[in-house]
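Here the structure comes first, spelled out in structure tokens, and everything after it is commentary.
To find a chain, count down the sequence lines: A is the first, B the second, and so on, and within it residues start at 1.
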There are 2 protein chains.
Amino acid sequence: MYEGIVQELIDELAKLPGVGPKSAQRIAFYLIEQDNDVAQTLSEVLREAKEKVRFCQTCGNVSESDKCGICSDQKRDFGLICVVEESKDINAIERTREFRGVYHVLGGAISPIVGIGPDQLRIKDLLKRLADPDIREVILATNPNLEGEATATYLTRLLGSMEISVTKLASGLPVGGDLEYADDMTLGRAFEGRRRVN
Amino acid sequence: MYEGIVQELIDELAKLPGVGPKSAQRIAFYLIEQDNDVAQTLSEVLREAKEKVRFCQTCGNVSESDKCGICSDQKRDFGLICVVEESKDINAIERTREFRGVYHVLGGAISPIVGIGPDQLRIKDLLKRLADPDIREVILATNPNLEGEATATYLTRLLGSMEISVTKLASGLPVGGDLEYADDMTLGRAFEGRRRVN
């Protein structure tokens, strides 16, 4: 244990995801010992981020205004909606440059264990958006884990009666991966989703 | 890349030691999405820490006043000085409850590669302290790596002519470790420092 404020700083840092007590101590001392204004800048950016960041009223992405950069971009295809769990998933998909449609952030996935049901997710907002007849396709891009799959299944049923095609990202072997090290589930999915190539 | 302040926050967090771009993103979204004042508190504690924390004028330990808790504690043995590289090393040693003397923080270790020589360390302050005839022993507790060993060797030579005993922490097999997995250097040191037990 350290004296007063040093311990307080370590405790606060240790609350961050992925930061254990040892890393928190290391970060705290780094911040204290730096000559320049690393701590000062971080403190200000933190406050500013908390003040400025809001969520896009259309898709739920993080944004500094009521409409995020993607929803304001007239070059995007508004007939294609990609449903993701979190804002950070948008960033991952944007990096691929494969998708030119827009997004819808659910704000998580269905997980009865932590008490998240469909009502806790932005599903009503999604249904409202889908009332627009210009929307042709909903791509479900939830995480390929238990919660993500449950959410995708729920949404597939919910949207089943609509005149919109509902698709799901392909599951299979990761590129650059090794067949030998693939887990059974992934390998099973890769077989299930095999495609003819000749 | 995210919009404005979100990316700024990620960039600032990624500067912290042990925090890569992925963790920085995870922490940033955690801070943004939290309802309560996690970010607010962290921001304040950071500023407060930077304002309040100074270094003990005697030993160089982090402290909220000019003299740290250890140097102000009259129950400590002021005749024993344990020389460490960083304030956090003091914490590690204090946890053992083995040592009742006082400390001296060098502020690093000799490392020509990163441009740290003896002049960048608090060695002059150490010599000043050692002028006190009540000091009986200096325990070198630098890290058992290249830089720490170089620093210990330098200090051993420097203090060689004084009437004070200079000792060094024992190197050897870590408790709970496995002989099979010990590296050659450690095992070598364990042999070199073997003690008679009968």
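- Taking NZ of A:Lys50 as the reference point, atom CG of B:Leu9 lies at 10.0 Å (rounded to 0.5 Å).
- Looking only at heavy-atom pairs under 4.5 Å with chain A, the residue among B:Glu44, B:Glu48, B:Glu8 that has the most is B:Glu48.
- Chosen from B:Ile5, B:Val45, B:Thr41, the residue pairing most often with chain A at heavy-atom distances under 4.5 Å is B:Ile5.
- The interface of residues 52-77 of chain A with chain B, defined by heavy-atom distances below 4.5 Å, comprises A:Lys52, A:Val53, A:Phe55, A:Val62, A:Ser63, A:Glu64, A:Cys68, A:Gly69.
- Using non-hydrogen atoms only and a strict 4.5 Å limit, the part of residues 82-111 of chain B facing chain A consists of B:Glu86, B:Ser87, B:Lys88, B:Asn91, B:Arg95.
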Inset, instruction - With side chain to side chain contact (heavy atoms under 4.5 Å, CB included) as the test, would you mind laying out the steps for A:Arg47 and B:Arg47 before giving the verdict? - result: CA-CA 11 Å; A:Arg47 212 192 24 241; B:Arg47 211 190 25 239; 3.1 Å; yes
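- By the criterion of side-chain heavy atoms lying less than 4.5 angstrom apart, applied directly or through intervening Ile, Leu, Val, Met, Phe, Trp or Tyr residues, B:Ile10 is grouped together with B:Leu42 in one hydrophobic cluster.
- Of all residues in residues 146-167 of chain B, none places a non-hydrogen atom less than 4.5 angstrom from a non-hydrogen atom of chain A.
- Transitive grouping of hydrophobic side chains (ILVMFWY, heavy atoms separated by less than 4.5 Å) keeps A:Leu187 and A:Leu169 in distinct clusters.
- Residues A:Tyr30 and B:Val114 fall into different hydrophobic clusters, defined by Ile, Leu, Val, Met, Phe, Trp and Tyr side chains chained together at heavy-atom separations under 4.5 Å.
- Within the 4.5 Å cutoff, no side-chain heavy atoms of B:Gln40 are placed close to those of A:Glu51.
- Minimum heavy-atom separation, A:Leu46 to B:Ala39: CD2-CB, 3.8 Å.
- Taking 4.5 Å as the heavy-atom cut-off, the residues of residues 11-25 of chain B that approach chain A are B:Glu12, B:Leu13, B:Lys15, B:Leu16, B:Pro17, B:Gly18, B:Val19, B:Lys22, B:Gln25, ordered by number.
- Within a 6.0 Å sphere centred on CG of A:Asp183, other residues, nucleotides and ligands contribute more than 12 heavy atoms.
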